[in-house]
J.: 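Below is the structure I would like to discuss, written out as structure tokens.
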Amino acid sequence: MPNPRGFLLENAATLVTMNDARDVVTDAWVAARDGLVTAVGRGPAPALVDGAPPAEFARFDARGCVVLPGLVNTHHHLYQTRTRAWRGVVDSGLFPWLRTLYPVWAKLTDEQFHRAAVVGCRELLRSGCTLTTDHHYLFPRAASPRLLDIVIEAALSTGIRFHPTRGSMSRSVRDGGLPPDDVVQDADTILADSERVVGRWHDPRPGAAVRVALAPCSPFSVDPELMRRTAELARRHGLRLHTHLAETRDENEYCERIYGCRPLDFLERVGWLGPDVWLAHGIWFDDDEIARLGRAGTGIAHCPSSNMRLGSGICRVRELRRAGSPVGLAVDGSASNDSSNLLAELRQALLLHRVLGGAAAMTVQEVLEMATLGGARCLGREDTGAIAPGRACDLAVFDLEAIGYDGADDPVAALLLCHPEPARATIVGGLVVYDRDAEDPDAR
Ligand SMILES: [Zn+2]
């Protein structure tokens, strides 16, 4: 994936580095080689960058633009892009929404999974996202035995950096779970396919295009034994672990009834409370649970649109971050958002927390931290999330002359306060993988 030629982005009006000093550079340039940033500077690019004249580089003119580190999406279900705004659940909460959609998802074909991944990733790229995960836990009986490979190949065809998860569901209604029988698999099948996918795709090296994580779906769709065996497999291979947790009050009641404890106690009992785990939603934690999560360094994928859409509740992100948990932002699946616009999610996060706690309850800078460095920490990607030498050259470029930003004073705040516009360009590993003017001229 990385651009083997040098890459030079120049003339950026404002460059938000998110480096250790949180430098914001005006009239900036960024140089990269082999997909990694080599230098960042102010003013005209020097005659020699990294020992070579910039004329030899692939160049991008970011005149009039704000450049952010590529945004990181920490939770998604790409397949749901085929079932947006599904009739019958437009006004439903999580459990009825799931019960209606499971049978619909069970009929998706390989072609639909492929198309959903392409559409979801292109939409993410268009909103400045350069790294996404995909919580893929749905393996219909009629699907290819290599379904996850189909999804991974589709995502990579868009140029995005991709962290697929081999998700799973093993507990159906027959065993007291929520999903129907025809969408669950047994533990041996799940773990064998996990091993296969990891062997084929997982790349632990810095700058990797693909890293695999393991992701049993939720306390109400898997059994504790699968959780334990999955953690053991993940730790043997140095993989991260992901699941849904504490999304709704229904889930609390389910855990009390089935396991006799709260969701976080369940997580701890199966050996999952650790720094190699990040959780989707994490809404219904009490003070003691937030302290435990912080001590463990367990991450949270905050999904404000989905939480509002399903009426699930509001994640206590500031408390979680203060306690020591990495918090990232996420669009969640496209059947509960129903969009993969990550820039829009930054705006939702900013506004949601202000509803609850006043204008000081969430700042533009905190949201930017979550969308970049916080997300990178959740995914274990400390080679992304900032524009600094040695980090991946993943950039989100926004045009301040786009109609939605015209007249804005603070160019960085504009990206969150104004209605989100498509990126001018999105760059992954020093390659332009989304170019608005080439692909989407009407958005200019
Ligand atoms: Zn989800």
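For the numbers below, each heavy atom of this structure counts, side chains included, while hydrogens, waters and symmetry mates do not. One-based numbering, in listed order, for ligands and for the atoms of each. One-based numbering along the sequence shown.
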J.: For the atoms NE2 of H244 and NE2 of H75, give the angle they form at the Zn ion (ligand 1), rounded to 10 degrees.
T.: 90°
J.: Answer yes or no for C303: is there an N/O/S atom below the 2.8 Å cut-off from the Zn ion (ligand 1)?
T.: no
J.: Check whether any N, O or S atom of H135 sits under 2.8 Å from the Zn ion (ligand 1).
T.: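 Short answer: no, not a single N, O or S atom is under the cut-off.
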J.: Does any N or O in the side chain of R171 come within less than 3.5 Å of the main-chain N or O of S218, such that one atom is a donor and the other an acceptor?
T.: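 No.
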J.: Which residue pairs pass the ring pair (Phe, Tyr, Trp, His ring centres under 6.0 Å) test when at least one of the two sits in residues 326-378, sequence neighbours left out?
T.: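 Only H302-H353 qualify under ring pair (Phe, Tyr, Trp, His ring centres under 6.0 Å).
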J.: Test E268 against R295 for salt bridge (charged side-chain N to carboxylate O under 4.0 Å, His left out), laying out the working first.
T.: CA-CA 13 Å; E268 193 162 26; R295 277 197 300 275; over 6 Å; no
J.: Checking one value in my table: which N/O/S atom of D332 lies closest to the Zn ion (ligand 1)?
T.: OD1
J.: Between R240 (side chain only) and P275 (backbone N and O only), is there a donor and an acceptor less than 3.5 Å apart?
T.: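 Yes, R240 side chain to P275 backbone: donor-acceptor pair under 3.5 Å.
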J.: Could you pull out the atom name of the N/O/S atom in H77 that is nearest the Zn ion (ligand 1)?
T.: NE2
J.: Got a sec: is H281 within less than 2.8 Å of the Zn ion (ligand 1) via an N/O/S atom?
T.: no
J.: R347 and P420: which non-hydrogen atoms are nearest, and at how many Å?
T.: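 Closest heavy-atom pair between R347 and P420: CD-CD, 4.0 Å.
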J.: Any N/O/S atom, backbone or side chain, of E247 lying under 2.8 Å from the Zn ion (ligand 1)?
T.: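 It does not: E247 brings no N, O or S atom closer than 2.8 Å to the Zn ion (ligand 1).
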J.: Under a 3.5 Å distance rule, please check whether T165 uses its side chain to pair with a backbone N or O of D134 as donor and acceptor.
T.: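 Looks like yes, one N/O pair under 3.5 Å.
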